[in-house]
Amino acid sequence: MGASSSVAAARTTVAGLIHNKPEDASDITDLEQARAEIRHLRKVARDFQNQLKEELLKQQNPANAVKGNAKRQAVLDKGENNENYTGDYTPKVIPKTTDIRDLIMSVVTTNILFSSYASDEHAAIVDAFESITVTAGTKVITQGESGDYFYVIQNGIFDIYIRGTQGEQKVGNSLGPGNSFGELALMYNTPRAATVRAASNATLW
């Protein structure tokens, strides 16, 4: 079975997961339900990732290798539209203190979003993170909207909200320094599953 058949199987699986489900995730009304769906999505992603890795290792087509490398470059450059770029690549490097590098690296090396990257690539990913500051009350991500970024919290507090049949409700524990959010929309190319709002002034990467 080739990689194309894996993609076809993945499409079928994803179609089953989202069948008759609203894009704004309004069917999820409590934390346990949200956690159960996230666990299921992560298992599907891991299974597909492992299967695709095995099949790509069997292929020796240089064209496929170039395409895969271009995709990897695009991720390293924070999602810029480089997918078909095959020339020399200059990684983005944003200066950081040692403490900040260590903070981001601890997230990158443990988050499933980056699990397919080799250890020597993690440093380049960390280099590309840029900082932003937000004030209390700022919505960093909004449920139902498309997602382009993954965030690591340097300082400040953030709360998670899910909009359901009874309106928007705060769920789970607040997020603080060292926590991260935003990976699900990037992994599955789906709208944001929740809203994350700053409860204080904060700095993110």
**Exercise: do S174 and D159 side chains pair donor with acceptor under 3.5 Å** = yes
**Asked** From R192 CZ over to K139 NZ, what is the distance, rounded to the nearest 0.5 angstrom?
**Response** 13.5 Å
**Message:** According to side chain to side chain donor-acceptor pair (under 3.5 Å), who are the partners of T97, at least two apart in sequence or on a separate chain?
**Reply:** none
**Fill in**
Residue set satisfying side chain to side chain donor-acceptor pair (under 3.5 Å) with E168, at least two apart, ordered chain then number -> R197
**Request:** Look at the side chain of N155 and the backbone N and O of T203, then say whether any donor-acceptor pair between them is shorter than 3.5 Å.
**Result:** yes
**Message:** Could you go through F150 and F181, starting from their C-alpha distance and side-chain angles, then the distance that decides it, and tell me whether this counts as ring pair (Phe, Tyr, Trp, His ring centres under 6.0 Å)?
**Reply:** CA-CA 6 Å; F150 168 78; F181 58 89; 8.0 Å; no
**Complete:** Note: L103 and I153 closest approach over all heavy atoms is CD2-O, 3.7 Å
**Complete:** Output for pair (F158 CZ, T195 OG1), nearest 0.5 Å, gives 13.5 Å
**Prompt:** Going only through I, L, V, M, F, W and Y residues with side-chain contacts under 4.5 Å, is there a path from V152 to I100?
**Reply:** yes
**Asked** Between CD1 of I162 and NZ of K170, what distance do you get to the nearest 0.5 Å?
**Response** 11.5 Å
**Request:** For V140 and L204, run side chain to side chain contact (heavy atoms under 4.5 Å, CB included): C-alpha distance rounded to whole Å, both residues' side-chain angles, the deciding distance at 0.1 Å, then the answer.
**Result:** CA-CA 10 Å; V140 180; L204 294 159; 3.9 Å; yes
**Request:** List the atom of L175, the atom of S180, and the distance in Å for their closest heavy-atom pair.
**Result:** CD1-O, 4.5 Å
**Asked** Closest heavy-atom contact between P191 and G144?
**Response** CB-O, 3.4 Å
**Message:** Just verifying a value: how many Å separate I141 CD1 and S146 OG, rounded to the nearest 0.5 Å?
**Reply:** 11.5 Å
**Item:** G147 versus A185, closest heavy-atom pair with distance
**Value:** CA-CB, 4.1 Å
**Message:** With rounding to the nearest 0.5 angstrom, report the OG1 to CD1 distance, T109 to I104.
**Reply:** 11.5 Å
**Message:** I'd like to know if R101 pairs up with D127 as an ion pair, taking the criterion as any Lys NZ or Arg NE/NH1/NH2 lying under 4.0 Å from an Asp or Glu carboxylate oxygen.
**Reply:** yes
**Message:** Would you say V93 ends up clustered with I125 if hydrophobic residues are merged whenever their side chains have heavy atoms under 4.5 Å apart, either directly or through other cluster members?
**Reply:** no
**Message:** For the backbone of F129 and the side chain of K96, can you confirm whether one donor and one acceptor N or O come within less than 3.5 Å of each other?
**Reply:** yes
**Asked** From H122 NE2 over to Y117 OH, what is the distance, rounded to the nearest 0.5 angstrom?
**Response** 9.0 Å
**Item:** More than 12 heavy atoms of other groups within 6.0 Å of N189 CG
**Value:** no
**Item:** Among N179, I132, V134, V196, the one residue meeting side-chain contact (heavy atoms from CB on, under 4.5 Å) with Y151
**Value:** I132
**Message:** Can you list everything that forms a side chain to side chain contact (heavy atoms under 4.5 Å, CB included) with S200? Sequence neighbours excluded, please.
**Reply:** I157
**Request:** Indicate whether the side chain of W205 and that of Q154 have a donor and an acceptor atom separated by less than 3.5 Å.
**Result:** yes
**Working for side chain to side chain contact (heavy atoms under 4.5 Å, CB included), residues E145 and T142** = CA-CA 6 Å; E145 293 186 354; T142 302; 3.6 Å; yes
**Message:** Quick one, Q169 and R163 - any side-chain contact, counting heavy atoms below 4.5 Å?
**Reply:** no
**Asked** Passes side chain to side chain contact (heavy atoms under 4.5 Å, CB included), N111 versus E183? Steps please.
**Response** CA-CA 8 Å; N111 192 284; E183 65 267 40; 3.4 Å; yes
**Request:** Grab the two heavy atoms, one from G156 and one from A202, that are nearest each other, plus how far apart they are.
**Result:** CA-CB, 3.7 Å
